[in-house]
Amino acid sequence: MLDAQTIATVKASLPAVAACGPKLTAHFYDRMLSHHPELKNVFNINNQRNGAQREALFNAICAYGANLENLAALLPAVEKIAQKHTGLNIQPEQYAIVGEHLLASIKELLNPGDEVLAAWGRAYGVLAQVFIQREEAIYQDSEQQRGGWRGTRAFRISAIEEQSSVIKSITLTPVDGGAVAAFQPGQYLTVYLHPASFEYQQIRQYSITNSSNGKDYRIAVKREAQGTVSGYLHRYAVVGDEIQLAPPHGDFFMQVTPETPVALISAGVGQTPLLAMLHALAEQQHAAPVSWLHAAENGEQHAFSAEVTATGGCLNDFEQQVWYRQPTEQDAGRFTAQGLMNLTTLPARLQDVNTHFYLCGPLGFMQFAGGQLRDAGVDLARIHYEVFGPYKVL
């Protein structure tokens, strides 16, 4: 626990830290990675270049400083970050490195004095310990369950399927022939790649798209224009290749009773964690209404269409609506409506106050769809979402 003086000192300096903006975290990352270039094997360099990671860390620092007396308010964000960290195999000693360079960055940019630096050091130490303890619990849970492991494990690509013009699915089977850990529908795998063409190891997280079966996992990868890993997997990956994986992780998953109506809302490759949810609902013969609402550019980019229809057909009460932003002539009959997804007037099946909504897609889409749900009076407690990449709040 932090003493009152430490809390007061950190809070008094917080406006100066906030005024520094993401410049502070940019300085921090540049400093840390120059002193510890081996960490470039852990951090997503693309997120460094586009500023996403720096912005996320800056927001986290400000949120922590503002909630020193109420750390419980930070627990949802802590859980989300801890799940990502365990996929990256973050170790306790790395928190010391981060703390050293964070404090040095505050000193070099703000020069707030020894008392303030000492207070931030104590505050960081408490937060680091929260993460270290939670992450160790996650590591142990992953390792101890049937088919589980700690760190990374070798898997072989056993199938590659073209799901659309921009999305491929990849099935991964353990090289050792053993069982694989169960997962919650919506969780992701962490993929480690370091082919000869990469200067540094690249680590990415991809949602699992099949249901938990104890023998393999299936992920889906969208080819991004500047995507280092997605580009490699689309161009060069073949059946038989070996890939290192961390166990399934993630705090975005579906846990509902059989009587709970469910709406799965996605755009583009954001449907991937929701696809695992749909499979799980079908296997459980979910009795309540299930709605699948999906937005795609057009039929060429619309992945898993037949699979969604077939899986939904196994449910007692399933409805599907699809929006194509720019349909082609070949798309006649394949979509429900043209343009952007419109949820302003929710159909009767979605107006049930017990319905839970699961959203995934580009950040702008989720802000757009989430805003429509809020305007329609949906309680925030019934809206669940996943952001690919560094954590953001809708």
Side-chain angles (χ1 to χ4, degrees), residues 161-164 167-169 171 183-188 207-213 217-220 222 252-325 327 331-338 340-343 345-352 354-361 365-366 369 372-373 378 382-386:
E161 296 179 79
E162 198 92 32
Q163 299 293 350
S164 78
I167 295 174
K168 285 184 176 181
S169 64
T171 302
F183 60 90
Q184 296 283 358
Q187 290 189 307
Y188 51 76
S207 300
I208 308 171
T209 62
N210 60 332
S211 55
S212 192
N213 60 27
Y217 302 115
R218 186 184 66 169
I219 61 174
K222 179 187 177 186
F252 175 69
F253 50 82
M254 184 184 63
Q255 285 185 315
V256 295
T257 65
E259 300 78 24
T260 303
V262 175
L264 306 173
I265 303 175
S266 61
V269 75
Q271 70 180 302
T272 51
L274 309 188
L275 189 58
M277 296 181 186
L278 182 63
H279 279 293
L281 291 168
E283 288 184 359
Q284 296 160 12
Q285 287 293 287
H286 194 71
V290 176
S291 302
W292 179 272
L293 310 173
H294 181 64
E297 189 70 10
N298 51 47
E300 289 186 357
Q301 296 191 26
H302 184 186
F304 298 106
S305 174
E307 183 172 327
V308 167
T309 300
T311 306
C314 299
L315 287 160
N316 178 59
D317 186 354
F318 176 77
E319 281 192 9
Q320 178 179 186
Q321 293 190 54
V322 175
W323 285 259
Y324 283 175
R325 195 176 72 86
D331 289 335
R334 295 193 60 187
F335 60 97
T336 308
Q338 181 174 350
L340 301 179
M341 183 179 290
N342 184 1
L343 302 175
T345 304
L346 295 178
R349 64 189 287 113
L350 299 181
Q351 292 178 17
D352 188 322
N354 297 308
T355 301
H356 277 251
F357 299 82
Y358 293 85
L359 279 67
C360 192
F365 164 80
M366 288 195 293
Q372 292 183 64
L373 292 176
V378 177
R382 295 189 286 119
I383 301 175
H384 317 275
Y385 64 92
E386 175 79 306

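Inter-residue side-chain proximity for Arg382 and Thr355 is flagged as met; some heavy-atom pair is nearer than 4.5 Å. Side-chain atoms of Phe335 and Trp323, non-hydrogen and from C-beta on, never get closer than 4.5 Å to each other. At a threshold of 4.5 Å between non-hydrogen side-chain atoms, the residues Asn354 and Glu259 do not count as touching. Between Gln372 and Asn342, some side-chain heavy-atom pair lies under the 4.5 Å cut-off. Residues Arg334 and Ser305 meet the side-chain proximity criterion, which asks for heavy atoms closer than 4.5 Å. Counting heavy atoms from C-beta outward, Tyr385 and Cys360 have side chains that stay 4.5 Å or more apart. Contact of the Leu264 side chain with the Met277 side chain is registered, since non-hydrogen atoms from C-beta on lie closer than 4.5 Å. Contact annotation: the side chain of Gln184 never approaches that of Met254 to less than 4.5 Å [non-hydrogen atoms, C-beta and beyond].
A distance of 12.0 Å separates CZ in Arg218 from OG in Ser207, rounded to the nearest 0.5 Å. Here the straight-line distance linking atom CD1 of Ile219 with atom CG of Asn210 works out to 10.5 Å at 0.5 Å rounding. Once rounded to the nearest 0.5 Å, the distance linking CD of Glu283 with CG of Leu315 reads 10.5 Å. Between the CG atom of Leu373 and the CD1 atom of Ile383 there is a distance of 4.5 Å, given to the nearest 0.5 Å. Here Ile265 contributes atom CD1 and Leu343 contributes atom CG; the two are 5.0 Å apart, rounded to the nearest 0.5 Å. Rounding to the nearest 0.5 angstrom, the gap separating the CG atom in Leu350 from the CD atom in Glu319 is 8.5 Å.
Side chain of Glu162 to backbone of Ile167: no donor-acceptor contact under 3.5 angstrom is found. Counting only distance, with no hydrogens or angles, the side chain of Thr336 and the backbone of Val322 share a donor-acceptor pair below 3.5 Å. Listed for the Asp317 side chain is no donor-acceptor partner under 3.5 Å among the backbone atoms of Ala288. Judged purely by atom type and a 3.5 angstrom limit, His286 has no side-chain atom pairing as donor or acceptor with the backbone of Pro261. Checked by atom type and distance alone, the side chain of Arg349 pairs as donor or acceptor with a backbone atom of Val290 at under 3.5 Å. The backbone N or O of Glu307 sits less than 3.5 Å from a side-chain atom of Thr311, completing a donor-acceptor pair. The closest donor-acceptor contact from the side chain of Gln301 to the backbone of Asn298 lies at 3.5 Å or more, if one exists at all. In this structure, the side chain of Gln271 does not engage the main chain of Leu293 through any donor-acceptor pair within 3.5 Å.
The aromatic rings of His302 and Tyr324 lie perpendicular to each other, with more than 60° between the two planes, well past the 30° mark.
For the pair Val256 and Thr260, the tightest heavy-atom approach, listed with the atom from each and the gap, is CB-CB, 3.8 Å. Looking at every heavy atom in both residues, His279 comes nearest to Ser211 through CB-CB, 4.0 Å. When all heavy atoms are compared, the tightest approach of His294 to Ser266 is ND1-OG, 2.8 Å. Nearest heavy atom pair, residue Tyr358 against residue Leu274, reads O-CD1, 3.7 Å.
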Please lay out, stage by stage, how Trp292 and Leu278 fare under the test side chain to side chain contact (heavy atoms under 4.5 Å, CB included). CA-CA 9 Å; Trp292 179 272; Leu278 182 63; 4.0 Å; yes

Evaluate Gln163 against Ser169 for side chain to side chain donor-acceptor pair (under 3.5 Å), listing each step before the verdict. CA-CA 7 Å; Gln163 299 293 350; Ser169 64; 2.9 Å; yes

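Taking 4.0 Å as the cut-off between side-chain N and carboxylate O, Lys222 and Glu297 do not count as a salt-bridged pair. The existence of a salt bridge linking Lys168 and Glu161 is excluded, since no basic side-chain nitrogen approaches an acidic carboxylate oxygen closer than 4.0 Å.
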